[in-house]
Amino acid sequence: MASSDRPAKRSKMENGGGSSAAAPPGPPPSKPVHSAAKENPYLSHLPPEQRFTRGDAEGSERGAGPLANGRSGNPLDGFIPRQVVGSQVRSVMEGGINPFSITPTPFSKKYKDILNKRKELPVYAQMDEFYEKFQESQTMVMIGETGSGKTTQIPQFVAYSDLPQTRKVKGPDGVLAPRMIACTQPRRVAAMSVAKRVAEEMDVSLGKEVGYTIRFEDATDRRTTFLKYMTDGMLLREAMNDHNLERYSCIILDEAHERTLATDILMGLLKEITARRKDLKLIVMSATLDALKFQKYFNDAPLLRVPGRTFPVETFYTQEPEPDYLEAAIRTVLMIHQAEDPGDILVFLTGEEEIEDACRKIKAEADDLASKSPDLCGPLKVVPLYSSLPPAQQQRIFEPAPAALYEGGPPGRKVVISTNIAETSLTIDGIVYVVDPGFSKQKVYNPRIRVESLLVSPISKASAQQRAGRAGRTRPGKCFRLYTEKDFISELIEQTYPEILRSNLANTVLELKKLGVDNLVTFDYMDPPAPETIMRALELLNYLGAFDDEGNLTPLGEIMAEFPLDPQLSKMLIVSPEFRCSNEILTIAAMLSVPNVFLRPNFAKQQADAARAEFAHPDGDHLTLLNVYHAYKTNCPDPSTGSNWCWQNYLSHRSLIQADNVRSQLQRTMERFDLDLVSTDFSSKDYYTNIQRALTCGFFMQVAHKEGGSKGSYTTIKDNQIVSPHPSSCLSHSPEYLLYHEFVLTTRNYVRTITDVRLEWLVEYAPAYYNTMNMEGEIKRQIMALEQRKGKKDKKKKDTQG
DNA sequence: GAGCACTGC
């Protein structure tokens, strides 16, 4: 839509997360700082033997369970579809002995109580229908609306049909282990919490029979886990080293309608794998009506539709388009507060700044109303919600609405002003009114200038419906859309474009190759990305040396794919031992992978800037990040007590803990490939330049050249975009060439997180890119001059030697 | 002289 009669909001564009800058409080310790985070904090609740998958132990074969009729010694026998019917399963569920526990155990009282609740779920009523479709075909599609119970129940239904824990098979690694059922989730918290719930429902222990795997945490047991919840990205990682996903007998892709990059790749991949492996079952679960598209994609797989369990939501539209959605949203909240029955309000806005602004305005207006007419208007509690908010403040959304100001007075009300985070990731009970202006920030990728940015855009119909549904979780609700019904019908697109169409695919293309996909263009994508996007990715990967000229993965590319990083970062990390700075590059890569570590609260901008200046390195922001990390490790040896120091230095403790975690993970990957962890002596004049050289090896395509005339103006190499160094940068001078980590489109074109580099390095480490054939203008002349000088020097050297 | 929508490895 965006056209004529939609409110035109100034386009705000912003690049993906990143960091910016700040003078070292003394030099960093010359001894490399290794990660102190030996203990994973996520795992502290589990005994040590449960924290990681065991790889070597021998399991014991157990007797067949009640449904495993006539299984023989043939390992494949267990995977031939058996005719399990609901009545059989229900009788086992109701029985006395838990067929899933490692040692036969009677069901607990709690199990029976939970079972009675499970029977009320809509999906339970369709168990027979599920088995019918599940058994008739290798792949099936399911639509389960909110509250249907699909995420918790379907994997259990599958478990009953196979009782795979009774059927241990020797894997490729020689370990006797059950074939697993995997259920993927787009988000970590979901994978974790659903696994916990399902372990309770099945009356087994979390991390034993039922587990979960997410980044930084594997709560599964190689010998006993048969049902595993995991993030979609994690399954994709596993597929990189096991192209057939041999450890699994059934894979359930949940929340497929969200169309995350990982889900999309998995769908294409699983379509291929199921064709090769007839014993692998696939269930694709979606919450929307878009299921027909899924069904068609999976060769007309049978479809099961399960209703949700929510309350009706009445929708209202505006008569005329709203010229200013922010103002309209504020007005609507105040109107609801004055005229509607008690019940909390949820408002969707696009970003932090807008939300804080709206909170202030609503608070002021509501306080005014309550003081002027205390008989009509109760107190209003306004709560902001967005992801960068500290967790303690995020918790405020669960606080109850305020009480009436006096006994018998009008009741109080809570209003949550949120980003899209409340659309999928967080559910707030008790919301009765939703205010939907119809916008969100969305990622867009422009392959022409190779820039990903965030743009305020109209949402889709599916998204609008999801938002409305947030009003009907506990009782009937109302949704106020701040656009006309006509616009809803004719201007909003049906579904948000899947992520694969809106992203830079450099990483994805590398992953696909590693996954064994030969032809990236003919791969069966549900929605094929623009060929130009793939070409851009191939070009980058070829220049980085990950792909050869035939488009095949090189040995370097193989290793690059193993790092959970963008290819530029993994490249610089892999070459860093050659420059004797891998300890430092590890730190920089980790710091670049987490949200900005520098805090700059509105009430203390100057103090924050002064604090950052204490860490600043004159040659650039990458080195500044290194200083910050070293200072953090020196001053906060124990992460649990570091928050005070961080706060005093205007640093985000959360980001630093995260960086430390990422650093350890990257270090483990380095060690796995025998990449040396080394540092140049800090007193050496090469200490910093070695780091800059390694940076150059990864980021030579992200370099800007100083414009001849105006001071502080740069042009990007190749794309000739005019850019300015981001004001947050601590680079103290204007070098001829600067390397940037990200290109940010906001009020102007900015390059953020920048470092001084020399043309000699660019030419030396990226000769295929920086040569006179490939470049033009000023840069070409400079390269020629450089080569001439070098030629002369070499000749002189030769002459003196000769 | 500015601003992290949201996930994931």
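First the proteins, then the strands, lettered A, B, ... as listed; each starts at 1. As the structure is a prediction and not an experimental result, all values here were calculated from the model.
In summary, the side chains of A:Tyr325 and A:Glu354 do present a donor paired with an acceptor at a separation below 3.5 Å, with no hydrogens or angles considered.
The nucleotide whose nearest atom lies closest to any side-chain atom of A:Lys441 is, among B:dC9, B:dA5, B:dA2, B:dA5. Closest to the side chain of A:Arg188, from the set B:dG3, B:dA5, B:dC9, is B:dC9. Which of B:dG8, B:dG3, B:dG1 sits closest to the side chain of A:Glu353 comes down to B:dG3. For A:Glu352, the listed nucleotide lying nearest its side chain is B:dA5; candidates were B:dA5, B:dG3, B:dA2. Of the candidates B:dA2, B:dT7, B:dC9, the closest approach to any side-chain atom of A:Arg187 belongs to B:dT7.
What separates CG of A:Leu454 from P of B:dA5 is a distance of 7 Å, to the nearest Å. For the pair A:Ile355 CD1 and B:dG3 P, the computed distance is 17 Å after rounding to whole Å. Distance CD1 (A:Ile500) to C1' (B:dC6): 18 Å, rounded to an integer number of Å. Following rounding to the nearest Å, A:Asp609 (CG) and B:dG3 (P) show an atom-to-atom distance of 14 Å. Nucleotide B:dT7 holds its C1' atom 19 Å from the OH atom of A:Tyr445, rounded to whole Å. Atoms CD (A:Gln606) and P (B:dG1) sit 15 Å apart, rounded to a whole Å. Protein atom CG of A:Leu515 is 12 Å distant from nucleotide atom C1' of B:dC9, rounded to whole Å. Here B:dG8 presents its C1' atom at 13 Å from CD of A:Glu452, a figure rounded to the nearest Å.
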Original post:
Passes side chain to side chain donor-acceptor pair (under 3.5 Å), A:Glu258 versus A:Thr263? Steps please.
Top reply: CA-CA 8 Å; A:Glu258 289 195 26; A:Thr263 296; over 6 Å; no
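Side-chain atoms of A:Tyr740 do not come within 3.5 Å of backbone N or O of A:Thr716 as any donor-acceptor pair.
Rounding to the nearest 0.5 Å gives a distance of 7.0 Å between CG of A:Leu269 and CG of A:Leu245.
Contact of A:Arg748 with B:dA2 (side chain to base): no donor-acceptor pair of N or O atoms is detected under 3.5 Å.
Here A:Thr260 lies out of heavy-atom contact (under 4.0 Å) with every strand. Using a 4.0 Å heavy-atom distance criterion, A:Phe563 is classed as making no nucleic acid contact. Nucleic acid contact class of A:Thr231 (heavy atoms, under 4.0 Å, all strands): sugar-phosphate only.
A:Ser425 has no side-chain polar atom (N or O) that falls below the 4.0 Å cut-off from OP1 or OP2 of B:dC6. Not one side-chain nitrogen or oxygen of A:Tyr386 sits closer than 4.0 Å to the OP1 or OP2 atom of B:dA5.
Of the residues near DNA chain B, A:Pro727 and A:Asp566, the one whose nearest nucleotide (by heavy atom distance) lies more toward the 5' end is A:Pro727. Nearer the 5' end of DNA chain B, as judged by each residue's closest nucleotide, is the contact made by A:Lys443, out of A:Glu511 and A:Lys443.
Aromatic ring centroids of A:Tyr650 and A:Phe598 lie 6.0 Å or more apart.
Each of A:Ile585, A:Leu739, A:Leu731, A:Thr587 was checked for a side chain to side chain contact (heavy atoms under 4.5 Å, CB included) with A:His622, and the lone residue meeting it is A:Leu739.
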